[in-house]
Amino acid sequence: MRILVTGGAGFIGTHVVAALRAAGHDVTVLDLLHPKAHRTAPEGGPLLRADVRDAAAVAGALAGVDVVVHQAALVGMGVDLADLPEYAGCNDLGTAVLLAGMARAGVLRLVLASSMVVYGEGAYACPRHGATEPAERTPADLAAGRFEARCPACGAALEPGEVDEDAALRPRSVYAATKTAQEHLAAAWAAGAGGAVAALRYHNVYGPGMPRDTPYSGVAAIFRSALQAGRAPRVFEDGGQRRDFVHVTDVAAANLAAVDATGRAGFRAYNIASGRPTTVGDLAAGLAAATGGPEPVVTGEFRAGDVRHVVASAARARRELGFTAAIGLAEGLREFATAALRA
């Protein structure tokens, strides 16, 4: 198939492009090379350098395309609310321009890079009240070290569970709000154009080629950069935050599976996760052990917009896409400990 990959020069995008090409697909890459993701021009195959918000460039890139894999986005927590217009422009306006171009070109299959951040907090249960949406963690609670989510009815600590794709979307950050908007735009496009959308909700992706030394990096890269500089990783809260860390090679395989799956009309979301959750503290300790670096320091610090636990159910992707993550965390961290990072 002929496939357009937007953001194909980025961290995840390069792995997706490699997997698609290895499977025999004809891949075109469109990437702006945004300075917050690219401090140097990437090496590799041909690249159409253009902004996904440029309707003319998008129209040219879509000629003859069967499927679009939309990875292009400004990612991460950012620095502060001054980033809001750029996030909305890159992520949401860019997606709208792309979808409009697809409708005009008659390209009706989309694989959308979404994120687990659309959920906000994950799934929880109260010992007394059952499945419960947690009360918001206030700055006063966090400053006092009360990190666990609480039941809004009785105040009891909640037990985290697996969040599935039918959970309500409750974004807690600017980035999360833009990813949620991307999903809504794609769903509206699918309904109006008769298109098929597979929205892949990536959980915490790590692996070779992650960007380093930037507030837009993931926590794994931040820890790795600290260790490479001889510093102890600094773990926020008490380190007990539960996440699902999935290797970028598995994420690329999930994109290939979504491309190869029969595209049914409409919008369908999938958690892309390892299915083997861990804590942020254990991630830092495992990475420190793998690099031979200093042990992590648990700081008690916190950030507005962070959530306590997000653990995925990977059942739908396994059932409908035939995707199961193959790389365990211990194996992945051994590789990641010495892998090249993106400048």
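- The shortest heavy-atom contact between V69 and V16 is CG1-CG1, 4.1 Å.
- When hydrophobic clusters are built by joining Ile, Leu, Val, Met, Phe, Trp and Tyr residues whose side-chain heavy atoms come closer than 4.5 Å, directly or via intermediates, V259 is not grouped with F267.
- To the nearest 0.5 Å, atom CZ of residue R150 and atom CZ of residue R137 are 11.5 Å apart.
- Remark: of the listed residues Y206, F336, Y202, Y206 is the sole one forming a ring-ring contact (aromatic ring centres under 6.0 Å, His included) with H247.
- Taking the six-membered ring for Trp and thresholds of 30 and 60 degrees, H203 and Y119 have ring planes inclined between 30 and 60 degrees apart.
- Both F323 and M1 are part of a single hydrophobic cluster, where members link through side-chain heavy atoms under 4.5 Å apart.
- Atom CZ of R128 has 12 or fewer heavy atoms from other residues, nucleotides or ligands within 6.0 Å.
- Within the model, atoms CG of L98 and CG of L30 stand 8.5 Å from one another, a figure rounded to the nearest 0.5 Å.
- E121 and R308 are not joined by a salt bridge, as no carboxylate oxygen comes within less than 4.0 angstrom of a charged side-chain nitrogen.
- Residues P127 and A157 share a closest heavy-atom pair of CD-O, 3.9 Å.
- In this structure, CD1 in I3 is found 8.0 Å from CG in L256, a value given to the nearest 0.5 Å.
- Side-chain contact between L200 and V251: absent, with no pair of heavy atoms (C-beta onward) separated by less than 4.5 Å.
- One finds the CE atom of M116 at 5.5 Å from the CZ atom of R243 (value rounded to the nearest 0.5 Å).
- When all heavy atoms of P208 and V248 are compared, the pair lying nearest together is CD-CG1, 4.1 Å.
- Under a 4.0 Å N-O distance rule, the pair R268/E165 does not qualify as a salt bridge.
- Q228 has its side chain out of reach of T291: every pair of non-hydrogen atoms, C-beta onward, lies at least 4.5 Å apart.
- The hydrophobic clustering, which links ILVMFWY residues whose side-chain heavy atoms are closer than 4.5 Å, places V17 and V58 apart.
- The shortest side-chain heavy-atom distance between L169 and K179 does not fall under the 4.5 Å cut-off.
- Annotation for D250 and I327: closest pair OD2-N, 3.0 Å, computed over non-hydrogen atoms.
- Under a hydrophobic clustering in which Ile, Leu, Val, Met, Phe, Trp and Tyr are joined whenever their side-chain heavy atoms come within less than 4.5 Å, directly or via other members, L158 and V311 fall into different clusters.
- For the residue pair D244/S274, the side-chain donor-acceptor check at 3.5 Å is satisfied.
- Atom-to-atom distance recorded for L283:CG and N204:CG is 8.5 Å, nearest 0.5 angstrom.
- Between P233 and A284 the shortest heavy-atom distance is CB-CB, 4.2 Å.
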Between R109 and D66, does the side chain to side chain contact (heavy atoms under 4.5 Å, CB included) criterion hold? Intermediate values first, please.
CA-CA 7 Å; R109 290 190 58 196; D66 300 300; over 6 Å; no
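- Of all heavy-atom pairs spanning G94 and V52, the tightest one is CA-CG1, 3.5 Å.
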Exercise answer: donor-acceptor pairs, residues 4-12 side-chain atoms, under 3.5 Å, sequence neighbours excluded:
{"from": "T6", "atom 1": "OG1", "to": "H70", "atom 2": "ND1", "distance (Å)": "2.6"}
{"from": "T6", "atom 1": "OG1", "to": "Q71", "atom 2": "N", "distance (Å)": "3.1"}
{"from": "T6", "atom 1": "OG1", "to": "A72", "atom 2": "N", "distance (Å)": "3.2"}

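- Within the 4.5 Å cutoff, no side-chain heavy atoms of L20 are placed close to those of N255.
- Two residues are said to be in side-chain contact when any heavy atoms from C-beta on lie closer than 4.5 Å; R53 and C90 meet this criterion.
- Atom CD of Q241 sits about 11.0 Å away from atom CG of D282, to the nearest 0.5 Å.
- Clustering ILVMFWY residues whenever any of their side-chain heavy atoms sit less than 4.5 angstrom apart, transitively, puts L32 in a cluster other than the one holding L48.
- Side chains of W189 and V197 form a contact here, defined as non-hydrogen atoms less than 4.5 Å apart.
- Counted within 6.0 Å of CD on E295, heavy atoms from surrounding residues, nucleotides or ligands total 12 or fewer; the atom is thus considered open.
- Residues R316 and N271 are not in side-chain contact: their nearest non-hydrogen atoms beyond the backbone lie 4.5 Å or more apart.
- Within the 4.5 Å cutoff, side-chain heavy atoms of Q182 are placed close to those of N91.
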